[in-house]
Participant: 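The structure's right below; bear with me while I get my questions together.
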Amino acid sequence: MGSKDINYYLGLPYNVTVQEIHDESGDYYYARVLELDGCQSHGATVEEAYLNIREAMEGWIEVKLEFGDPIPEPISDNNYSGKFNIRIPKSLHRRLAMEAKNEGVSMNQYALYKLAL
């Protein structure tokens with residue numbers, strides 16, 4: 001791990017999300033790095049939130065390096081097959097199957113639609 005310095009980690013394609021927020025503290029954009037637990041920031045604009053999260057990443061990684069803590073690397077789509085199995089009650093299975101049939105789509109397509117909502 002000796003050759004993995006801050007520039008190495010900052011050059012990796014981490015998954016950053018930026019979300020528009022409207023709450024009691026005002027309107028702003030909230031940014032976080034999915035792989036770096038607790039690494040978050042905000043800004044008045046998307047661009048500002050992104051710049052601020054990059055700065056937060058630098059600080060987060062510096063502290064981890066200083067204390068010798070592990071630093072997760074980015075998660076890629078290659079880590080996932082696109083499939084998962086789930087057990088559901090028979091009554092829910094029946095209802096979803098009926099709704100999929102009524103929509104004229106497969107159960108997989110309908111489940112994907114429902115999950116994406």
Side-chain angles (χ1 to χ4, degrees):
M1 188 165 193
S3 65
K4 294 183 178 181
D5 63 3
I6 191 157
N7 292 321
Y8 167 80
Y9 289 105
L10 289 175
L12 295 176
Y14 283 100
N15 293 283
V16 175
T17 64
V18 178
Q19 179 180 6
E20 189 173 13
I21 303 291
H22 305 284
D23 64 16
E24 64 279 351
S25 62
D27 300 332
Y28 59 95
Y29 293 87
Y30 167 73
R32 69 185 181 114
V33 182
L34 298 180
E35 296 89 350
L36 307 180
D37 188 36
C39 186
Q40 56 192 346
S41 192
H42 67 280
T45 65
V46 172
E47 294 78 14
E48 183 180 323
Y50 186 76
L51 289 173
N52 290 344
I53 196 63
R54 291 295 297 178
E55 184 178 327
M57 285 174 67
E58 187 172 345
W60 193 99
I61 293 166
E62 282 177 347
V63 169
K64 293 295 183 179
L65 288 171
E66 180 180 338
F67 289 96
D69 294 336
I71 300 172
E73 294 200 7
I75 300 168
S76 76
D77 288 344
N78 295 336
N79 296 344
Y80 301 95
S81 68
K83 297 186 226 176
F84 71 95
N85 294 319
I86 182 170
R87 295 195 185 280
I88 59 175
K90 289 180 182 181
S91 59
L92 178 57
H93 188 180
R94 181 184 68 243
R95 189 183 94 214
L96 291 172
M98 290 170 55
E99 290 174 4
K101 184 177 180 180
N102 286 341
E103 292 293 324
V105 297
S106 71
M107 180 74 142
N108 280 340
Q109 287 177 315
Y110 193 70
L112 179 61
Y113 164 75
K114 294 297 262 187
L115 286 169
L117 291 178

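We number each residue from 1, following the sequence as shown. Side chains included, hydrogens not; waters and symmetry mates left out as well; all remaining heavy atoms used.
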Participant: Starting from Leu51, can I reach Val18 by hopping between I/L/V/M/F/W/Y residues whose side chains sit under 4.5 Å apart?
Facilitator: no

Participant: Membership question, hydrophobic clusters at under 4.5 Å side-chain separation (ILVMFWY): are Tyr29 and Val16 in the same one?
Facilitator: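 As far as the 4.5 Å side-chain criterion goes, Tyr29 and Val16 are connected within one cluster.
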
Participant: Is it the case that the side chain of Glu35 and the backbone of Ile75 share a donor-acceptor pair, with hydrogens and angles ignored and the cut-off at 3.5 Å?
Facilitator: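 Yes: the side chain of Glu35 pairs with the backbone of Ile75.
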
Participant: To the nearest 0.5 angstrom, please state how far the NZ atom of Lys64 sits from the CG atom of Leu36.
Facilitator: 9.0 Å

Participant: Restricting to non-hydrogen atoms, name the atom on Pro13 and the atom on Pro74 that form the minimum distance, rounded to 0.1 Å.
Facilitator: O-CB, 3.4 Å

Participant: Decide yes or no on side-chain hydrogen bond (donor to acceptor under 3.5 Å, both in side chains) for Glu73 and Tyr8, but give the supporting numbers first.
Facilitator: CA-CA 10 Å; Glu73 294 200 7; Tyr8 167 80; 3.0 Å; yes

Participant: Are Leu10 and Ile53 co-members of a hydrophobic cluster defined by side-chain heavy atoms under 4.5 Å apart?
Facilitator: yes

Participant: Hey, is the main chain of Asp37 close enough, under 3.5 Å, to the side chain of Trp60 for a donor-acceptor pair?
Facilitator: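 Yes; judged by distance alone, with no hydrogens or angles, the pair exists.
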
Participant: With hydrophobic residues grouped by side-chain heavy-atom distances under 4.5 Å, do Met57 and Leu12 end up in a single group?
Facilitator: yes

Participant: Under the side chain to side chain donor-acceptor pair (under 3.5 Å) rule, what pairs show up with a residue in residues 48-57, not counting sequence neighbours?
Facilitator: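 Side chain to side chain donor-acceptor pair (under 3.5 Å) check on residues 48-57 returns no pairs.
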
Participant: Looking only at heavy atoms, which two atoms of Glu62 and Ile6 are closest? And how far apart?
Facilitator: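 Answer, listing the atom of Glu62 first, then Ile6: CG-CD1, 3.1 Å.
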
Participant: Run the side-chain donor-acceptor check on residues 90-100: report pairs under 3.5 Å with partners two or more places apart or on a different chain.
Facilitator:
residue, atom, partner, partner atom, Å
Arg95, NE, Glu99, OE2, 3.2
Glu99, OE1, Tyr110, OH, 2.7

Participant: Locate the shortest heavy-atom distance separating Tyr14 from Tyr9; write the atom from each residue and the value.
Facilitator: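 Taking Tyr14 first and Tyr9 second, the nearest heavy atoms are CE1-O, 3.2 Å.
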
Participant: Mind listing the closest non-hydrogen atom pair of Gly26 and Tyr28 along with its distance?
Facilitator: O-CD2, 3.7 Å

